[in-house]
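Bear in mind that the values here come from a model prediction, so they are computed numbers and not experimental data. We name chains A, B, ... by the order of the sequence lines, and we start the count at 1 in each one. Computation of the quantities below employed the complete heavy-atom set of this structure, encompassing side-chain atoms and omitting hydrogens, waters and symmetry-equivalent molecules.
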Amino acid sequence: MIDIKLIRDDVDLVIQKLSTRNKDFEYLRDVKAMDERRRQLLVEVEQLKNIRNEKSKLIGQLKREKKDATDVLDSVAHLGADIASMDQEVAMIEEKIEYALLTTPNLLHASVPIGKDETENVEIKRFMTPTMFAFTPKAHYEIGEQLDILDFERASKITGSRFVVYKGLGARLERALISFMMDLHAKKGYTEIIPPYIVNRKSMTATGQLPKFEEDAFKIANGNGDWFLNPTAEVPTINMYRDEVIDMSQLPLKFCSYTMAFRSEAGSAGRDTRGLIRTHQFNKVELIKFAVPEEGYSELEKMLLDSEDVLKVLKIPYHVISLCSGDMGFGMAKTYDIEVWIPSQNTYREIGSISTAEDYQARRGNIRFRRDKDAKLEYVHTLNGSGLAVGRTLVAILENYQNEDGSVTIPDALVPYMMGVKEIK
RNA sequence: GGAGUAGUACUCAAGCGGCUGAAGAGGUGCCCCUGCUAAGGGCAUAGACCGGGGAACUGGUGCGAGAGUUCAAAUCUCUCCUACUCCGCCA
């Protein structure tokens, strides 16, 4: 969350900065007023508590000396009710402020292009030219069904729509991609992680999924209603360090985290209903970094390159866009999306997203570091990037590596992971 | 799932409702001593968070978390979390 001191100091500036997200933030003026009321109450109630503490001490002393304490007891008796009611008001105000801050998005970095929606995102770079075919390319679900490596019908029988069964070499390809990606990143110094796929409410709150986007998550009945299916490895991996102080010498911490990710896809009814572009359950390899603030943005650029490298090695065309202000995610200060070429749709589609939250998540999750022994604690910067979405990478391979006869060539880099298979036919 | 035990600072650990923001030990830092090392001695070692103040300072909260009893809670009560032991079940 953003620092309440910013609101205290200059609420107009904060509102102005947030306004590029094309939403209304006038309620922050109420937050400022509540904060003032709270501090004023604190001064009053703390004075009363000080009096009570002093008198309590005196009572203890008198009793030890076997003296009469009735007068002091009488004089302190009325304080309790006042303190209790003021405490209650403070708690109520704090709850409201807390909720407002938890539902206020991050401030954007100065380099984020201003724009109203996804149509105004800015292309940063391209890799390769879109794949050309001498025939009409098929969609990945047609290819997958014909090769009998993807089975959507049976998946919907087992569960429902937006699920898939990977079969035979399809299953092997999915598995190969996970290993390939993890190897690629691990070789560059990212520590491999396989975290829990179920996370609790605190974790979801720290990374920003809650309290605002509860309907996007799968909640499960166990865990007193406070357990959720992992929506992205960013959640469990960043929360590894929640409420911790990270030793300065360990920064930047770099992780590549493999998870199965789960999304309710509430609100995307009708979109990408066919195929595995948008499923409730998908594999994802995610890059996560914890960095000192001054290195946050250089680490973001490096992470983008590491993420791109997956498609470079696989030789699949993509471009990178910088999300404009109106399309930015809730908790992030700056985001690059990698979009991969999808021949059947004749367009680029998102396959990865690389972002920095600056200290927004660190403040929510209380993740800090200290520069040296006597230095004050500071919040780290947290970064996350896809490395990549595995299902969508499989889509990109099926479509970009398809042949006229319906077969699919396996990218060279994956052949060793496919037990030598060079083609699916 | 059942039964039990425990959670105090960097670590271990004492702790009677008030004199405990917390004994003691280790560790760590600085200093002394011994030619160096091993060993020994001295001093320091609660931070964090929320406030007030221009500042020096100062108030509040903190003993797994939350609620309660009380003028007063590490200490009493309740709920929860976590770890460990035994039983049951199970990949």
Chemist: Heavy atoms within less than 4.0 Å of RNA chain B: which residues of residues 200-209 of chain A have one? Give them sorted by number.
Modeler: none

Chemist: When you match A:N50 and A:R8 each to their closest nucleotide on RNA chain B, which lands nearer the 5' end?
Modeler: A:R8

Chemist: How many angstroms lie between atom OG1 of A:T104 and atom OH of A:Y99, to the nearest 0.5 angstrom?
Modeler: 10.0 Å

Chemist: Between B:G51 atom C1' and A:E44 atom CD, what is the distance in whole Å?
Modeler: 13 Å

Chemist: Looking at A:R38, I'd like to know whether one of its side-chain N or O atoms comes within less than 4.0 Å of OP1 or OP2 on B:G51.
Modeler: yes

Chemist: When the distance from CD of A:E36 to P of B:G52 is rounded to whole Å, what number comes out?
Modeler: 11 Å

Chemist: Distance from A:T237 atom OG1 to A:N384 atom CG, nearest 0.5 Å?
Modeler: 9.5 Å

Chemist: Check for a donor-acceptor pair, side chain of A:T103 on one end and backbone N or O of A:A100 on the other, with a separation under 3.5 Å.
Modeler: yes

Chemist: Base contacts versus sugar-phosphate-only contacts with protein, heavy atoms under 4.0 Å: please encode nucleotides 66-81 of chain B as B, S and - from 5' to 3'.
Modeler: -----BS--------S

Chemist: Are any of the side-chain nitrogens in A:R363 or A:D359 under 4.0 Å away from the carboxylate oxygens of its partner?
Modeler: yes

Chemist: How should the glycosidic conformation of B:G62 be described, syn or anti, under the criterion that syn lies within 90° of 0?
Modeler: syn

Chemist: Pick the closest RNA chain B nucleotide for A:L377 and for A:V43 by heavy atoms, then say which residue is nearer the 5' end.
Modeler: A:L377

